[in-house]
Trainee: 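Starting off with a structure, shown below.
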There are 2 protein chains.
Amino acid sequence: MKSRTAPPNHMLLDEQFCFALYAASRSVTGIYRPLLEPLGLTYPQYLVMLVLWERDGITVRELGRRLMLDSGTLTPLLKRLQQAGLLQRQRRHSDEREVQIDLTAAGRELRRHAENIPACMLERLCLDLPELKQLRDDLRQLVARIHPSPVEGEAT
Amino acid sequence: MKSRTAPPNHMLLDEQFCFALYAASRSVTGIYRPLLEPLGLTYPQYLVMLVLWERDGITVRELGRRLMLDSGTLTPLLKRLQQAGLLQRQRRHSDEREVQIDLTAAGRELRRHAENIPACMLERLCLDLPELKQLRDDLRQLVARIHPSPVEGEAT
DNA sequence: CAAAATTAAATTGTGTGCAATTGAATTTTT
DNA sequence: AAAAATTCAATTGCACACAATTTAATTTTG
């Protein structure tokens with residue numbers, strides 16, 4: 001007996017998981033915008049500050065590892081945060097290739113003004129914590145499980 | 001009796017749902033890149049083509065509604081697709097404000113080369129269809145349920 | 001109907017993302 | 001130790017995103 005459900009057309013935008021992900025990500029960033037605007041931060045800048053509030057004195061490379069961003073993105077972003085007086089950038093004497101990022105007093109101060117943001121976001125998202133944690137873990141699993149593309153000519 | 005679990009610090013990057021979402025979205029777009037590169041498309045361009053393959057002859061506005069993008073993003077993107085010979089843009093006679101988008105023969109042709117992409121992605125994501133649908137619906141619910149920010153001075 | 005308000009795209013300007021290249025410093029090899 | 005390879009950040013170039021403004025066309029109002 002044949003199924004009566006419509007044929008699942010994977011080319012339909014509204015069927016696609018990846019579009020839902022893309023749209024959700026941009027939507028959520030949009031919610032951050034009015035919350036971060038008073039702090040003078042964009043969402044990627046806020047992410048950088050989150051990392052530095054955990055521990056500063058780290059290198060651009062370490063920052064990039066945490067955020068999955070490269071120097072092409074981070075260098076200009078960090079220059080803006082430096083311009084805003086939130087951090088300092090300096091080559092490490094131990095290894096002149098590395099650039100170490102240190103928060104200024106103003107950068108550390110800013111944390112207090114950001115502490116209510118997670119709660120604000122939780123409210124806007126209208127999800128309870130367990131649901132959110134589940135979704136977060138699903139997304140992390142997704143990223144972790146991504147099958148590397150089969151690049152040919154790779155040495156074994 | 002006090003709980004022995006560590007205090008949940010919502011300021012920790014790796015605790016945050018929103019960062020997982022942001023990172024997952026960029027990761028997934030990164031998987032598309034090598035698949036779309038032979039077609040000469042970026043991921044946002046691919047999304048535009050998906051909408052047009054469903055139905056063309058729509059306006060920039062309708063396209064923007066489907067993709068949640070405004071003309072500031074779409075206009076230059078559509079110009080590039082036009083330059084690539086995939087579509088035509090023309091003012092509507094019925095309303096000269098509107099710009100109608102029509103696929104060219106080459107634009108319709110391209111669909112065949114894109115038809116295997118969803119299956120490729122499914123393989124790369126290493127998730128079965130039910131899980132993916134669940135996650136997709138969760139993300140859609142999230143976007144739908146987003147509480148509008150309380151903008152003051154709004155007329156009632 | 002004419003003025004005012006609204007609408008649709010385009011434009012302008014800023015800030016990501018990311019591939020590819022460059023340049024300098026360090027490490028590994030020979 | 002000198003040459004080769006590697007590493008880190010910066011730079012370059014291109015393509016989004018999105019706020020804000022502009023321009024032109026249409027609709028609504030007085």
Side-chain angles (χ1 to χ4, degrees), chain A residues 19 22-34 36-37 39-49 58-65 67-84 87-101 149 151 155, chain B residues 19 22-34 36-37 39-49 58-65 67-84 89-101 149 151 155:
Chain A
F19 174 64
Y22 165 79
S25 177
R26 286 192 299 117
S27 273
V28 166
T29 303
I31 313 177
Y32 272 103
R33 207 164 289 119
L36 292 174
E37 195 264 340
L39 310 195
L41 295 177
T42 64
Y43 182 60
Q45 288 168 5
Y46 169 68
L47 293 178
V48 165
M49 294 304 289
I58 64 177
T59 63
V60 172
R61 175 174 162 66
E62 172 66 7
L63 207 45
R65 193 190 61 75
L67 298 173
M68 304 201 279
L69 291 170
D70 68 6
S71 68
T73 300
L74 285 176
T75 296
L77 190 158
L78 290 168
K79 281 181 178 177
R80 284 182 210 106
L81 292 177
Q82 180 175 32
Q83 204 62 32
L87 53 79
Q88 283 299 317
R89 300 155 59 241
Q90 57 185 327
R91 296 271 166 190
R92 276 194 176 161
H93 301 309
S94 61
D95 186 336
E96 290 280 349
R97 288 172 304 184
E98 299 180 319
V99 168
Q100 177 173 324
I101 309 299
S149 84
V151 178
Chain B
F19 174 64
Y22 166 79
S25 177
R26 285 192 299 117
S27 272
V28 166
T29 302
I31 312 176
Y32 272 102
R33 206 162 291 121
L36 292 175
E37 195 264 341
L39 310 195
L41 295 177
T42 65
Y43 182 59
Q45 289 169 5
Y46 169 68
L47 293 178
V48 165
M49 294 303 289
I58 63 177
T59 63
V60 172
R61 175 174 162 65
E62 172 67 6
L63 207 46
R65 192 190 62 74
L67 299 173
M68 305 201 279
L69 292 169
D70 69 6
S71 68
T73 301
L74 286 176
T75 296
L77 189 157
L78 291 169
K79 281 182 178 175
R80 283 187 277 274
L81 291 178
Q82 179 175 32
Q83 204 62 31
R89 299 155 58 240
Q90 56 186 329
R91 296 271 167 189
R92 276 193 177 162
H93 301 307
S94 60
D95 186 337
E96 290 280 348
R97 289 172 303 185
E98 299 180 320
V99 168
Q100 177 173 324
I101 309 298
S149 86
V151 178

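Any value given below was found using the heavy atoms of this structure, including those in side chains, with hydrogens, waters and symmetry copies removed. Order of the sequence lines sets the chain letters (A, B, ...), proteins ahead of strands, with each chain counted from 1.
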Trainee: When all nucleic acid strands are considered with a 4.0 Å heavy-atom cut-off, which category describes B/T29: base, sugar-phosphate, or nothing?
Mentor: nothing
Trainee: Counting heavy atoms from C-beta on, name the nucleotide in C/dC18, D/dA25, D/dC16 closest to the side chain of A/T73.
Mentor: C/dC18
Trainee: Ignoring backbone atoms, establish whether B/R97 has a side-chain N or O less than 4.0 Å from OP1 or OP2 of D/dT23.
Mentor: no
Trainee: Give the rounded distance in Å between these two atoms: CE of B/M68 and C1' of D/dA17.
Mentor: 13 Å
Trainee: Could one point to a donor on the side chain of A/S71 or the base of D/dA10 with an acceptor on the other under 3.5 Å away?
Mentor: yes
Trainee: If you check every side-chain atom of A/P44, which of D/dA9, C/dC18, C/dT16 has the closest atom?
Mentor: C/dT16
Trainee: I want to check one thing: is the phosphate of D/dA15, taken as OP1 and OP2, less than 4.0 Å away from some side-chain N or O of B/Q45?
Mentor: no
Trainee: Would you say C/dT16 has OP1 or OP2 under 4.0 Å from some side-chain N or O of A/K79?
Mentor: no
Trainee: Once you round it to whole Å, what is the distance between P of C/dG17 and CZ of B/F19?
Mentor: 11 Å
Trainee: Which of these nucleotides, D/dA9, C/dA19, D/dT26, is closest to any side-chain atom of A/T59?
Mentor: D/dA9
Trainee: Rounded to the nearest angstrom, tell me the gap between atom CZ in B/R33 and atom C1' in C/dC18.
Mentor: 6 Å
Trainee: Between A/R33 (side chain only) and A/T42 (backbone N and O only), is there a donor and an acceptor less than 3.5 Å apart?
Mentor: no
Trainee: To the nearest 0.5 Å, how far apart are OH in B/Y46 and CG in B/L39?
Mentor: 9.0 Å
Trainee: Need to verify one output field. Residue with the more 5' nearest nucleotide on DNA chain C, A/E96 or A/L77?
Mentor: A/L77
Trainee: To the side chain of A/E98, which of D/dC16, D/dC8, C/dT16 is closest?
Mentor: D/dC8
Trainee: In whole Å, I'd like the distance from the CZ atom of A/R26 to the C1' atom of D/dC18.
Mentor: 10 Å
Trainee: Write down the distance between CG (A/L36) and P (D/dC18), rounded to a whole number of angstrom.
Mentor: 14 Å
Trainee: Using only side-chain N and O atoms of B/R80, determine if any of them is under 4.0 Å from OP1 or OP2 of D/dC16.
Mentor: yes
Trainee: Can you tell me the distance, in whole Å, between the CD atom of B/E37 and the C1' atom of D/dA15?
Mentor: 15 Å
Trainee: Verify, without hydrogens or angle tests, whether B/T59 (side chain) and B/E62 (backbone) share a donor-acceptor contact under 3.5 angstrom.
Mentor: yes
Trainee: Whole Å only: how far is the CZ atom of B/R91 from the P atom of C/dT7?
Mentor: 17 Å
Trainee: Whole-Å distance between D/dA17 P and B/L74 CG?
Mentor: 10 Å
Trainee: Within less than 4.0 Å of OP1 or OP2 of D/dC8, is there a side-chain N or O belonging to A/R61?
Mentor: yes
Trainee: Run the numbers on B/V99 and B/L78 for side chain to side chain contact (heavy atoms under 4.5 Å, CB included), then give the verdict.
Mentor: CA-CA 11 Å; B/V99 168; B/L78 291 169; over 6 Å; no
Trainee: Quick one: which of A/L81, A/L69, A/I101 gives a side chain to side chain contact (heavy atoms under 4.5 Å, CB included) with A/L74?
Mentor: A/L69
Trainee: With DNA chain D as reference, determine whether A/G72 or B/T42 sits nearer its 5' end, using the nearest nucleotide of each.
Mentor: A/G72
Trainee: Would you say A/Y43 reaches D/dA17's phosphate, i.e. side-chain N/O to OP1/OP2 under 4.0 Å?
Mentor: no
Trainee: Choose from D/dT11, D/dC16, C/dC18 the nucleotide whose nearest atom is closest to any side-chain atom of A/T75.
Mentor: D/dT11
Trainee: Should the heavy atoms of other residues, nucleotides or ligands under 6.0 Å from CZ of A/R61 be counted, would the total exceed 12?
Mentor: no
Trainee: Base, sugar-phosphate alone, or nothing: which one does B/R89 contact when heavy atoms must sit under 4.0 Å apart?
Mentor: sugar-phosphate
